[in-house]
2 protein chains.
Amino acid sequence: MIKCIRCSHVHAITKSGIVRGKQRYYCKDCNIYFTLPGETEAEIPQLKKHMTTIVDIAKALNISKSTVSRALHEHGDINPQTRAAVLEMARQLDYQPNLLAQSLVKSKSNTIGIIVPEFLTYFFPTIIMGAQQVAEQAGYNVIICQSQESYKTEVANANVLLANRVDGVLISMTKETKKFDHFKAFERHGIPVVFFNRICDEMDTSRVLVNDYEGALKAVEHLIKNGYRNIAHIGGPPALLITHNRLNGYRDALEKHKLPFKKELVVHCDLSKKDAIHCAEKLLNLKHKPDAVFCVNDPVAIQLMLVAKKRKIDIPSELGIVGFSNDPISEVIEPALTTVQQPVADIGRSAAGILLEVIKKGGDGVPVHQSLKTTLIVRESSGR
Amino acid sequence: MIKCIRCSHVHAITKSGIVRGKQRYYCKDCNIYFTLPGETEAEIPQLKKHMTTIVDIAKALNISKSTVSRALHEHGDINPQTRAAVLEMARQLDYQPNLLAQSLVKSKSNTIGIIVPEFLTYFFPTIIMGAQQVAEQAGYNVIICQSQESYKTEVANANVLLANRVDGVLISMTKETKKFDHFKAFERHGIPVVFFNRICDEMDTSRVLVNDYEGALKAVEHLIKNGYRNIAHIGGPPALLITHNRLNGYRDALEKHKLPFKKELVVHCDLSKKDAIHCAEKLLNLKHKPDAVFCVNDPVAIQLMLVAKKRKIDIPSELGIVGFSNDPISEVIEPALTTVQQPVADIGRSAAGILLEVIKKGGDGVPVHQSLKTTLIVRESSGR
DNA sequence: TTGAAAGCGCTAACAC
DNA sequence: GTGTTAGCGCTTTCAA
């Protein structure tokens with residue numbers, strides 16, 4: 001019978017491959033691998049090392065594990081000497097608290113989840129970064145999920161977060177999400193949710209937005225002031241609130257300056273590159289071509305710009321373009337793109353801040369609706 | 001004495017705010033909030049709902065929790081009827097398995113960690129996306145950490161992952177990491193590690209790279225073939241392996257074509273925008289200006305391009321430029337940037353695949369060193 | 001100030 | 001085929 005070199009049990013031993021010509025054993029109890037000494041020279045027992053626990057520390061110090069736990073947490077009354085000894089031993093044994101166990105007993109994972117449609121194009125990564133900064137500072141981990149703009153994936157994401165018992169969730173929805181049961185599940189389980197950028201209007205949760213309406217208004221007014229008169233709009237997917245807000249800003253700017261709102265000058269883009277090109281072509285194929293376009297975001301504006309260039313339409317003299325969100329590309333492309341800047345990282349920071357606040361307070365209080373300011377950045381694509 | 005409406009205990013009750021004019025109580029045992037009925041009309045007890053566990057299902061069905069567990073996992077012998085009943089009840093009670101508890105008992109979190117220097121610029125997000133795809137498919141969660149190019153943060157990241165008992169880690173190092181104890185800690189605890197892109201040469205782990213040397217060689221040969229003769233190189237931070245490999249490719253291309261290697265034509269950039277500009281200026285201020293530059297990556301190449309444009313240096317006739325990595329900006333900027341394409345998403349996919357393999361096999365076997373192919377994409381910035 | 005014991009939600013022997 | 005039991009690593013009463 002093979003005895004485990006650690007716990008000396010014999011019942012949990014299985015063979016597990018051959019290493020350096022020697023039979024290797026595995027102890028399921030201790031979760032270690034080892035070979036028996038003696039047969040060859042100088043072999044270190046190949047431990048898949050058992051991570052040290054508070055029990056290990058307790059045994060080493062001949063005290064109880066509760067004392068160790070207290071010492072580790074500066075918990076109430078504890079003899080300073082005991083505490084020092086525990087801390088020192090923890091260091092020596094390379095102790096790492098098991099967060100999984102802690103979470104289990106405390107019913108609190110110190111983790112928040114984030115669901116975004118994608119994180120490849122500057123916008124969402126930056127938001128996530130902001131959120132992560134705030135979360136980390138408060139001792140929270142972050143699990144990031146990409147829904148890939150797919151409702152089905154989004155539902156799966158929600159389940160993963162639920163199963164991981166996150167303490168709260170930050171969400172920016174898919175453009176195709178129309179049912180919200182997977183989000184409401186969080187509420188049912190008392191897990192607070194904060195929406196950002198792409199809001200679920202059906203749920204009464206906190207939310208962080210930028211002032212899309214005002215940003216759009218300013219953008220279009222800027223075009224009007226620069227002499228453009230036949231201004232078109234490439235909007236986003238109809239399901240998104242930002243689409244409506246930006247569209248409304250566009251419409252009201254026209255109205256304010258007594259320009260007609262023409263239905264054929266408004267097209268909706270699903271935000272894919274392909275559809276952006278398609279929308280651009282649609283507008284530029286119009287009999288009465290627009291002399292300027294306000295685009296729902298920068299990537300779309302950039303595709304429009306490329307299409308226009310291909311057709312030798314001069315920007316900005318023949319066609320003025322304004323985008324939205326100040327993507328890094330916008331200041332590098334030629335002509336540089338006029339755009340509405342949003343405080344992207346702040347969206348993340350703000351959303352995370354609100355969420356942590358709600359978590360701390362235990363889910364009560366009135367939902368916060370935050371609207372961050374936008375700024376028009378005038379570059380070359382809109383000035384003639 | 002207030003009794004909990006769920007467990008009827010009195011010892012774990014605390015007051016917790018006032019809701020709709022009524023005192024709200026909290027039961028620590030059941031983790032629910034409630035108000036007492038009767039005082040006002042029609043109030044739903046404000047539950048912070050206890051999530052259903054297998055015990056709840058067991059009680060509802062009057063069977064044991066082990067049976068429930070087995071039913072949920074198609075585990076060996078189980079009466080199909082019992083199984084069906086359990087599944088149905090699980091659905092009814094909106095059961096979500098507690099992954100934390102599962103992980104704890106199985107000593108396996110089904111989570112892998114990723115440490116990257118940043119994820120704002122296309123490259124790392126794309127890798128992460130690739131890795132996440134593979135991981136998710138295998139039922140693994142992913143915790144993403146950003147070291148922000150800071151050694152200290154990287155050490156903290158490593159501890160977070162350790163504390164979360166991840167089953168494996170994917171790492172791309174900081175440019176300033178010179179000590180590797182925080183990585184070796186993973187090995188000590190039997191947690192497999194795969195490096196990608198930015199390798200730790202001191203550790204004998206699996207790694208995924210692209211063929212930087214060959215990519216650089218092809219890039220510089222391409223410049224030579226196009227008639228450039230005084231070719232400079234903006235390299236990366238000396239600590240990184242990619243820096244050396246790309247530099248060697250550059251050097252060997254020159255040598256192969258009997259061009260002299262001039263020390264003053266090689267500068268090292270820390271990859272920040274600021275330093276990129278600085279390096280660009282340094283090269284363009286040279287008495288004997290380079291007629292072409294091979295850059296360690298696209299963001300650097302783009303900064304160089306902007307500096308050159310500002311100085312009215314024509315690209316490509318006066319200055320040829322080649323970048324590395326095929327950033328989306330590179331095909332949008334004018335002139336479009338010639339660059340060495342790497343299969344970015346594949347790096348992530350491949351690294352994750354190798355990691356999962358190692359996890360499955362239990363940490364044995366020879367480390368895999370994988371080198372992915374690069375392709376030169378010729379655009380306008382290098383052809384005269 | 002410390003230890004013993006219970007239990008977070010779950011899995012996995014081992015009996016029956 | 002199902003129930004009983006022990007325990008993953010930890011926190012937190014309660015009693016000493």
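In what follows, every chain begins at residue 1, and chains take the letters A, B, ... in the order their sequences are listed.
Side-chain atoms of A/Asn98 come within 3.5 Å of backbone atoms of A/Leu100 as a donor-acceptor pair (strictly under, hydrogens ignored).
Screening residues 152-162 of chain B for side chain to side chain donor-acceptor pair (under 3.5 Å) gives A/Gln96-B/Asn159, B/Ser150-B/Thr153, B/Glu154-B/Thr174, B/Glu154-B/Thr177, B/Glu154-B/His182 as the qualifying pairs, with residues at least two apart or on separate chains.
When the salt bridge (Lys or Arg N to Asp or Glu O under 4.0 Å) test is applied to B/Lys59, no partner is found at least two apart in sequence or on another chain. Legend: residues meeting side chain to side chain contact (heavy atoms under 4.5 Å, CB included) with A/Thr53, ordered by chain and number and at least two apart, are A/His50, A/Val55, A/Asp56. By the side chain to side chain contact (heavy atoms under 4.5 Å, CB included) test, B/Ala138 pairs with B/Tyr140, B/Leu356, sequence neighbours left out. Scanning for ring-ring contact (aromatic ring centres under 6.0 Å, His included) contacts around B/Phe183 gives B/Phe195, with sequence neighbours left out. Legend: residues meeting ring-ring contact (aromatic ring centres under 6.0 Å, His included) with B/Phe180, ordered by chain and number and at least two apart, are absent. Legend: residues meeting salt bridge (Lys or Arg N to Asp or Glu O under 4.0 Å) with A/Lys106, ordered by chain and number and at least two apart, are absent. Remark: B/Arg349 engages B/Asp346 in a salt bridge (Lys or Arg N to Asp or Glu O under 4.0 Å) (not counting sequence neighbours). Every residue two or more places apart in sequence or in another chain that forms a side chain to side chain contact (heavy atoms under 4.5 Å, CB included) with A/Ser66 is listed here: A/Ser64, A/Arg70.
As rounded to whole Å, 15 Å separates atom P of D/dC10 from atom CG of A/Asn110. When rounded to the nearest whole Å, the span between CG of A/Asp77 and P of C/dG3 equals 14 Å. Nucleotide C/dC10 holds its P atom 14 Å from the CD1 atom of B/Ile63, rounded to whole Å. Distance A/Leu61 CG to C/dT2 C1': 13 Å, rounded to the nearest Å. Look at CG on B/Leu72: it is 13 Å from P on C/dA12, rounded to the nearest Å. To the nearest angstrom, P of C/dG9 lies 15 Å from NE2 of B/His73. The interatomic distance linking B/Leu104 (CG) with D/dC8 (P) rounds to 9 Å, in whole Å. Going from atom CD1 of A/Ile57 over to atom P of D/dG9 covers 13 Å, rounded to whole Å.
In this model, the phosphate group of D/dT11 is approached by a side-chain N or O of A/Ser69 to a distance below 4.0 Å at OP1 or OP2.
Heavy atoms of B/Ile54 sit under 4.0 angstrom from at least one base atom.
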(request) Evaluate the criterion side-chain hydrogen bond (donor to acceptor under 3.5 Å, both in side chains) for residue pair A/Asn141 and B/Asn164; output intermediate values, then yes/no. (result) CA-CA 9 Å; A/Asn141 287 131; B/Asn164 278 284; 3.1 Å; yes

Grab the N/O contacts between the protein and nucleotides 4-7 of chain C below 3.5 Å, and write none if there aren't any.
| from | atom 1 | to | atom 2 | distance (Å) |
| --- | --- | --- | --- | --- |
| C/dA4 | N7 | A/Ser66 | OG | 3.3 |
| C/dA4 | N6 | A/Ser66 | OG | 3.1 |

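Heavy-atom distances under 4.0 Å link DNA chain D to B/Asn79, B/Thr82 of residues 79-102 of chain B, given in residue order.
Comparing the helix axis at one end of the helix from C/dT1-D/dA16 to C/dC16-D/dG1 with that at the other, each defined from 5 consecutive pairs, gives an inter-axis angle of 40° (nearest 10°).
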